[in-house]
Amino acid sequence: MGLLEIGALLLFLMLLMLAGGVWIAMTLAIVGWVGQAFFTSTQPGMNLFSSFWETAASWELAALPLFIWMGEILYRTKLSEQMFDGLSPWLSRVPGRLMHTTVLGCGIFGSVSGSSAATCATIAKVALPELERRGYDRNLALGSLAAAGGLGILIPPSITMVVYAVAADASVIRLFLAGFLPGFLLMALFSGYIMWWSLRYPAKVPPAEAPTSFMAKLRRSGSLIPCGLLIVFIVWVLVAGIATATECAAWGVVGSLAIAAASRTLTLRNFWDGLAGATRVSCMIMFILAGAAFLTKTMAFTGIPRELAEFVHSMNLSAYGLIAVLVVVYLVLGTALDGISMIVLTSAVVLPMVQKAGFDLVWFGIFIIMLIEIAEITPPVGFNLFVLQNMTGVDSNRIARVTLPFFACMVLAIVLITVFPSIVTSVPNWLMGVER
């Protein structure tokens with residue numbers, strides 16, 4: 001049996017188990033076990049143990065439970081409600097109104113966390129209950145959160161960007177700078193779709209608030225001060241070099257506890273409830289990540305990603321033909337692999353092809369990051385879909401359906417940066433000069 005046939009068989013088994021209601025993490029682990037036991041000469045038991053251990057012992061993922069706990073504190077102490085009250089008068093005349101907070105929140109938080117899982121889980125915990133309480137459409141909220149959560153790996157700092165920079169021998173700083181404009185482009189496209197949807201279905205959007213004076217808006221904006229101070233504080237400790245991107249999570253928890261205590265909304269009850277909620281969500285995410293890591297090892301041992309990359313190389317395509325086929329290849333790989341694994345397992349074959357075709361490696365890095373963002377919302381292993389499913393109880397397939405318009409926005413963004421590569425390269429070239 002050929003490698004591509006093995007890949008198709010494992011994908012079918014995964015879909016079958018997910019459709020049968022098997023836990024997501026268990027499905028990933030079982031498919032990985034079957035792949036290693038029957039199609040490789042490795043020992044699946046040891047690889048399963050090492051995958052779970054490496055996931056649990058990851059320093060980068062240490063930030064995940066802390067950021068989630070920060071979101072729980074904001075939610076349970078009503079600081080998030082104050083934030084929405086402060087934003088409401090300013091967004092009341094914008095089509096979509098407070099629905100834009102999902103995109104804006106993910107963009108701001110993504111610039112701090114560097115993780116799509118942490119961004120998606122934290123903003124979902126803060127925004128979803130508040131949007132539903134105010135009568136906003138749940139499907140649109142879920143779709144925007146699933147898609148915008150991916151901004152965590154596009155807007156610097158980003159762990160995935162660092163991995164790509166090492167694999168491509170590219171400048172990390174250039175990659176970080178190159179991510180800003182594409183990140184803003186995606187945020188604009190997401191918000192543009194929310195505005196269009198709100199104008200198309202006005203009955204599904206809560207009515208606008210009564211017009212208020214500018215001074216009244218300023219007074220209500222006082223509710224934004226606590227959360228605004230928290231965001232400024234987290235960004236400051238990162239920029240000032242006091243903390244790394246991972247350590248920022250701990251500072252975020254300290255800051256949110258301090259603000260909640262100062263506002264007299266922190267009680268022993270909601271402190272423990274928030275801690276317990278963060279523990280449950282973190283364990284769920286870590287369990288899924290461990291299963292995905294084991295499946296990734298299976299893909300590496302079978303050689304399926306490299307086989308796909310070499311198949312593309314053998315086609316001798318034109319420059320833009322190569323890019324079009326790589327889009328398809330990475331979308332296929334994204335159904336079974338996490339983003340970092342996609343880069344590591346294919347870079348040895350793909351990067352020389354891309355360089356030979358005349359594409360800038362920094363531009364290609366952002367191109368891959370955006371494809372990984374799409375993979376985060378692509379079934380059956382769209383990680384943001386899993387996060388929202390476990391947080392809301394909504395089936396991941398339904399979340400995937402309501403995310404389709406935002407999927408289209410991402411594809412449009414990829415087309416735009418391909419046709420106009422200066423969207424990616426202009427900021428690093430302006431600040432650091434043209435790379436020779």
Would you mind reporting whether [Y] and [X] have side-chain heavy atoms less than 4.5 Å apart?
X	Y	result
Phe406	Leu140	yes
Ile399	Asp395	no
Val350	Tyr330	yes

What pair of heavy atoms forms the shortest contact from [X] to [Y], and how long is it?
X	Y	value
Thr102	Ala148	O-CB, 4.3 Å
Ala400	Leu385	CB-CD1, 3.8 Å
Gly32	Thr298	O-OG1, 2.8 Å
Leu175	Ala165	CD1-CB, 3.6 Å
Ala124	Leu388	CB-CD2, 3.7 Å
Phe359	Trp363	CD2-CZ3, 3.7 Å

Exercise answer: donor-acceptor pairs, residues 190-197 side-chain atoms, under 3.5 Å, sequence neighbours excluded:
| residue | atom | partner | partner atom | Å |
| --- | --- | --- | --- | --- |
| Ser191 | OG | His100 | ND1 | 3.3 |
| Ser191 | OG | Met187 | O | 3.4 |

Does [Y] offer a backbone N or O that forms a donor-acceptor pair with the side chain of [X] under 3.5 Å?
X	Y	result
Arg97	Pro206	yes
Ser282	Thr279	no
Glu132	Arg138	no
Thr267	Asn270	yes
Tyr136	Leu98	yes

By ring-ring contact (aromatic ring centres under 6.0 Å, His included), Phe233 pairs with (sequence neighbours left out) Trp251
Holding to side-chain contact (heavy atoms from CB on, under 4.5 Å), I want the full list of residues that pass it with Val402, two or more places apart in sequence or in another chain.
Asn139, Leu142
Across all chains, not counting sequence neighbours, the side-chain contact (heavy atoms from CB on, under 4.5 Å) partners of Ala141 are Met99, Leu128, Leu131
How far does [atom1] of [X] sit from [atom2] of [Y], to the nearest 0.5 angstrom?
X	Y	atom1	atom2	result
Cys106	Leu186	SG	CG	12.0 Å
Phe176	Ile366	CZ	CD1	10.0 Å
Leu145	Thr101	CG	OG1	8.0 Å
Ile323	Thr418	CD1	OG1	6.0 Å
Leu230	Met70	CG	CE	5.5 Å
Ile417	Met370	CD1	CE	4.5 Å

What pairs meet the ring-ring contact (aromatic ring centres under 6.0 Å, His included) rule with one or both residues in residues 259-282, with sequence neighbours excluded?
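Matches after skipping sequence neighbours: Trp69-Phe271.
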Chi angles and distances behind the side chain to side chain contact (heavy atoms under 4.5 Å, CB included) call for Ile242, Glu247
CA-CA 9 Å; Ile242 297 172; Glu247 292 165 346; over 6 Å; no
Taking side chain to side chain donor-acceptor pair (under 3.5 Å) as the definition, give me every residue that meets it alongside Ser50, ordered by chain and number, with sequence neighbours left out.
Lys297
Trace of the side chain to side chain contact (heavy atoms under 4.5 Å, CB included) decision for Ile414 with Phe367:
CA-CA 7 Å; Ile414 288 175; Phe367 172 82; 3.7 Å; yes
Run the numbers on Leu326 and Val354 for side chain to side chain contact (heavy atoms under 4.5 Å, CB included), then give the verdict.
CA-CA 10 Å; Leu326 285 178; Val354 169; 4.0 Å; yes
Between Tyr164 and Leu361, is the side chain to side chain contact (heavy atoms under 4.5 Å, CB included) condition met? List the steps.
CA-CA 10 Å; Tyr164 173 82; Leu361 288 183; 3.9 Å; yes
